[in-house]
Amino acid sequence: MADLSKKYCVYCLADVTSLRLRCTECQDIELCTDCFSAGAEIGNHRRWHGYQLVDGGRFTLWGPEAEGGWTSREEQLLLDAIEQFGFGNWEDMAAHVGASRTPTEVMEHYVTMYIHGNLGKACIPDSIPNRVTDHTCPTGGPLSPSLTTPLPPLDLTVADQQQLGYMPLRDDYEIEYDQDAETLISGLSVNYDDDDVEVELKEAYVDMYVRKLKERQRRKNIARDYNLVPAFLGKDKKDKDKPAKRKISKEEKELRLKLRPLYQFMSNKEIEDFFENMHKERMLRAKIRELQRYRRNGITKMEESAEYEAARHKREKRKENKNTASSKRGREDGKESEFAAIENLAGFELLSDREKVLCSSLNLSPTRYLTVKTIIIKDHLQKRQGIPSKSRLPSYLDKVLKKRILNFLTESGWISRDAS
């Protein structure tokens, strides 16, 4: 007599008590895994009908010889947990699977069966196609070594570290740039019921925080690159063996000013090397032009160039002396011709050099100037003695001429400023 507690496949009559597949459209149709895989059909049942997995809790997905004896129900819970909590969160995954599994067992089973097992070998390729390769870094190294390799801590004494609030093991400061940047993400939490707008808003907060971190690190790099920390502490030691810096020309200063926006993309050493190489290029071009000039003048040896330069220096000096003498004679001739309009008039010999220039610029004859000068000085002396006097200036003297002559007499010391 058949055991009523057992279940049998309706097609092959095999024992399916531990695991069977039940048709959701036909009544009392339960198949074993072999018949279901072969697409067995019986009565009104067809292979494309929906089905339901009925597990008694004792079926093992990897077979009875698999380590740990994980049932299919535990395997399903494990896959749900890895999707919900993410890879590496083994404690929450173990709690989701059940109290009978520890975090270590969950980790070992998942890594062994789903990554290094046959399923992992079939799903995870050995080599990832179309992978970007960085040929500028060592083989197997990071894509950007400058971003992942930590810088060595600053060489500071304990007192200096306390003064700056510097933590050498973390390469951080107690008070960083934009100290409240962490408040953007400190209250964020990811919930599975968040809609698209909330997710995008939280991603925007994270992006803002990452930008602040990049700016904070950029300022640290600048302070380290330009040696600002020792300069702030007054301990910027100058290397005595280091050669003195060359004098920067005006053109180079203007070029440095124009290229200043590009400094943020280069280090201090790269910038100095760039301008130093440009200076060397200019020097080489000047030297090439000089050698070409020697060649045009028939000089083929460096010993001959010294004699050529000495002779050229003498020629230029003689030419300069000749030009100086000719310009001096020109100035004397110009000075004589400057007073040609008044030198033949009466009273010219009584004028000083400055008065001659004044009369020549005002187009005023020496006698008229001397008359105006005498009247102005006489009126000034009477005013100083308290004698009332009435100005008797000639009619040909307008306001402009009077003002020019008064200013000249005041500057020359003939009259005081209050009188003018």
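The first residue of the sequence shown is numbered 1, and numbering continues consecutively from there.
- Side-chain N/O atoms of H109 and E75 include a donor and acceptor closer than 3.5 Å.
- The distance from the CG atom of L364 to the CG atom of L358 is 7.5 Å, given to the nearest 0.5 Å.
- In this structure, R101 fails the cation-pi test against W90, since its NZ or CZ atom is not both closer than 6.0 Å to the six-membered ring centre and inside 45 degrees of the ring normal.
- Taking the six-membered ring where the residue is Trp, Y263 and F275 present perpendicular rings, their angle passing 60° and hence far from 30°.
- Under a 3.5 Å cut-off, the side chain of T24 and the backbone N or O of G50 do form a donor-acceptor pair.
- Side-chain rings of W48 and Y51 stay apart, their centers remaining 6.0 Å or farther from each other.
- Note: T410 OG1 to F408 CZ = 10.5 Å, rounded to the nearest 0.5 Å.
- Residues satisfying the salt bridge (Lys or Arg N to Asp or Glu O under 4.0 Å) criterion with E270, sequence neighbours excluded, are absent altogether.
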Would you sort out whether L31 and V16 count as a side-chain contact (heavy atoms from CB on, under 4.5 Å), showing the intermediate values? CA-CA 8 Å; L31 301 173; V16 292; over 6 Å; no

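- D273 contributes atom CG, which lies 4.0 Å from atom NZ of K269 (distance to the nearest 0.5 angstrom).
- Considering CZ of R282 and CD of E251, their distance stands at 8.0 Å, rounded to 0.5 Å.
- Between H49 and H45, the ring planes lie perpendicular to each other; the angle is over 60°, past the 30° to 60° tilted range.
- Atom CG of N277 is surrounded by more than 12 heavy atoms from other residues, nucleotides or ligands within 6.0 Å.
- Annotation for R46: atom CZ counts as buried by contact number, over 12 foreign heavy atoms lying within 6.0 Å.
- For the atom pair SG of C359 and CG of L370, the computed distance is 7.0 Å after rounding to the nearest 0.5 Å.
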Ignoring hydrogens and angles, write down the donor-acceptor pairs under 3.5 Å from the side chains of residues 167-178, residues two or more places apart or on other chains.
residue : atom : partner : partner atom : Å
R170    : NH2  : D172    : OD2          : 3.3
D171    : OD1  : Y166    : OH           : 2.8
D171    : OD1  : R224    : NH2          : 3.1
D171    : OD2  : R224    : NH2          : 3.2
D172    : OD1  : K220    : NZ           : 2.7
E176    : OE2  : Y173    : N            : 2.7
E176    : OE2  : K220    : NZ           : 3.1
D178    : OD2  : K212    : NZ           : 2.8

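- Taking the salt bridge (Lys or Arg N to Asp or Glu O under 4.0 Å) definition, one finds that K287 meets it with E290, sequence neighbours left out.
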